[in-house]
Amino acid sequence: MGKVYPEIDGRLGDFITAQPVFFVATAPSGAEGHVNVSPKGMRGTFVILGPHRVAYLDYHGSGAETIAHLRDNGRITLMFCAFDGPPKIVRLHGRGISVAVTEETFADRLADFPAPPDVHAVRAVITVEVERVSDSCGYAVPLMDFRTERDLLLTSHSRRTAEDLVAYRATRNAASIDGLPVF
């Protein structure tokens with residue numbers, strides 16, 4: 001049986017920030033539409049801003065479900081699994097907002113990240129007001145060895161100009177797979 005915590009304390013924060021990958025889950029409002037789960041990674045793209053607040057950098061990618069779902073209803077869950085060491089899963093449930101690269105406050109949100117990787121292709125900063133912090137055993141999560149970060153996302157976008165990224169958002173990230181607007 002898992003435990004619910006009043007906040008992200010130092011021990012939980014250490015566990016969360018030590019994980020090289022985490023998962024983001026969102027869904028549109030109502031009974032229709034697709035639930036989306038996305039893996040996220042890259043050191044420096046996730047920060048704990050307080051006992052009830054976290055943020056991560058959202059790069060241009062194949063879809064933009066999270067941003068669309070947050071605009072629709074704000075619901076979001078982040079999940080961190082231990083793939084080495086003692087088995088553990090931590091979930092952060094909350095309400096999220098997206099600040100797009102085109103918004104005035106984007107630079108302020110970006111400043112929350114002390115050591116981000118190349119930010120050229122960041123399309124938004126996702127900030128989550130955490131309402132529930134819980135853990136569970138993770139006994140069935142496999143043990144795996146981390147080898148290295150992948151740099152493919154950064155290198156693929158490094159060839160794109162700022163104008164290319166504007167076109168990318170307009171043509172590939174304009175709507176969710178359920179037709180919800182993204183930007």
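A pairwise comparison of heavy atoms in Asp72 and Ser29 identifies OD2-N, 2.6 Å as the closest pair. Minimum heavy-atom separation, Gly138 to Pro87: O-CB, 3.4 Å. Residues Pro114 and Asp112 share a closest heavy-atom pair of CD-O, 3.3 Å. Nearest heavy atoms, Ala55 versus Val125: CB-CG1, 4.3 Å. For the residue pair Val182 and Ala64, the shortest heavy atom distance occurs at CG1-CB, 3.6 Å. A pairwise comparison of heavy atoms in Arg75 and Ala27 identifies NH2-O, 3.3 Å as the closest pair.
Atom CE in Met42 sits 12.5 Å away from atom CZ in Arg150 (nearest 0.5 Å). One distance of note links NZ of Lys88 with SG of Cys137; it measures 10.5 Å at 0.5 Å rounding. Put simply, OG1 on Thr26 and CD1 on Ile67 are 10.0 Å apart, with the number rounded to the nearest 0.5 Å.
Using a 4.5 Å heavy-atom cutoff, the side chains of Pro20 and Arg43 are in contact. Tyr5 is listed as a side-chain neighbour of Asp135, based on a closest heavy-atom distance under 4.5 Å. Contact of the Ile16 side chain with the Phe22 side chain is not registered, since no non-hydrogen atoms from C-beta on lie closer than 4.5 Å.
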Let me have the donor-acceptor pairs involving side chains of residues 91-102, under 3.5 Å, with sequence neighbours excluded, atom names and distances please.
unit_1: Arg91; atom_1: NH1; unit_2: Ser136; atom_2: OG; d: 3.2
unit_1: His93; atom_1: ND1; unit_2: Thr77; atom_2: OG1; d: 3.2
unit_1: Arg95; atom_1: NH1; unit_2: Asn73; atom_2: O; d: 2.8

Does the side-chain contact (heavy atoms from CB on, under 4.5 Å) test come out yes or no for Thr45 and Phe113, once each step is laid out?
CA-CA 7 Å; Thr45 63; Phe113 296 82; 5.6 Å; no
Next item on the list: Using the salt bridge (Lys or Arg N to Asp or Glu O under 4.0 Å) rule, take Asp14 and Arg11 through it: C-alpha gap first, then chi angles, then the decisive distance, then the call.
Entry: CA-CA 5 Å; Asp14 290 345; Arg11 185 180 58 82; over 6 Å; no
Using the side-chain contact (heavy atoms from CB on, under 4.5 Å) rule, take Phe46 and Leu78 through it: C-alpha gap first, then chi angles, then the decisive distance, then the call.
CA-CA 11 Å; Phe46 180 87; Leu78 309 180; 3.9 Å; yes
task: Any chance you could lay out the side-chain contact (heavy atoms from CB on, under 4.5 Å) test for Thr66 and Asn36, step after step, and finish with the verdict?
output: CA-CA 7 Å; Thr66 300; Asn36 186 64; 4.0 Å; yes
(Q) Using the rule given for side-chain contact (heavy atoms from CB on, under 4.5 Å), can you reason through Ile76 versus Ile126, listing the C-alpha separation, both sets of side-chain angles and the distance that settles it, and then say yes or no? (A) CA-CA 10 Å; Ile76 188 168; Ile126 306 296; 4.2 Å; yes
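Under a 3.5 Å cut-off, the side chain of Asp164 and the backbone N or O of Thr161 do form a donor-acceptor pair. Side chain of Arg132 to backbone of Val4: no donor-acceptor contact under 3.5 angstrom is found. With hydrogens and angles ignored, the 3.5 Å screen pairs a side-chain donor or acceptor of Tyr168 with a backbone N or O of Gly61.
Residue-environment remark: CZ (Arg147) stays at or below the threshold of 12 foreign heavy atoms within 6.0 Å.
Every residue meeting the side-chain hydrogen bond (donor to acceptor under 3.5 Å, both in side chains) condition with Arg160, not counting sequence neighbours, appears here in chain and number order: His157. In this structure Phe15 satisfies the ring pair (Phe, Tyr, Trp, His ring centres under 6.0 Å) test with no other residue, sequence neighbours excluded. Applying the side-chain hydrogen bond (donor to acceptor under 3.5 Å, both in side chains) rule to Thr17 yields no partners; only residues at least two apart in sequence or on another chain are considered.
Residues Arg169 and His60 bring a donor and an acceptor atom of their side chains to less than 3.5 Å of each other.
The hydrophobic cluster containing Val141 also contains Met79, counting ILVMFWY residues as joined when their side-chain heavy atoms lie under 4.5 angstrom apart, directly or transitively. Residues Val47 and Val128 are members of separate hydrophobic clusters, defined by side-chain heavy-atom contacts under 4.5 angstrom among Ile, Leu, Val, Met, Phe, Trp and Tyr. The cluster map of Ile, Leu, Val, Met, Phe, Trp and Tyr, joined by side-chain heavy atoms under 4.5 Å apart, puts Leu57 and Phe106 in the same cluster. Linking ILVMFWY side-chain heavy atoms closer than 4.5 Å, directly or via other members, places Ile8 and Leu49 in two distinct hydrophobic clusters. In the hydrophobic clustering of ILVMFWY residues, with side-chain heavy atoms under 4.5 Å counting as a link, Phe23 and Val90 come out apart.
Pairs passing the side chain to side chain donor-acceptor pair (under 3.5 Å) check and including a residue from residues 114-125, sequence neighbours excluded, read Asp58-Arg123, Arg123-Asn173.
Annotation for Leu180: hydrophobic cluster partners, listed by chain and number, are none (ILVMFWY side-chain heavy atoms under 4.5 Å, direct or chained).
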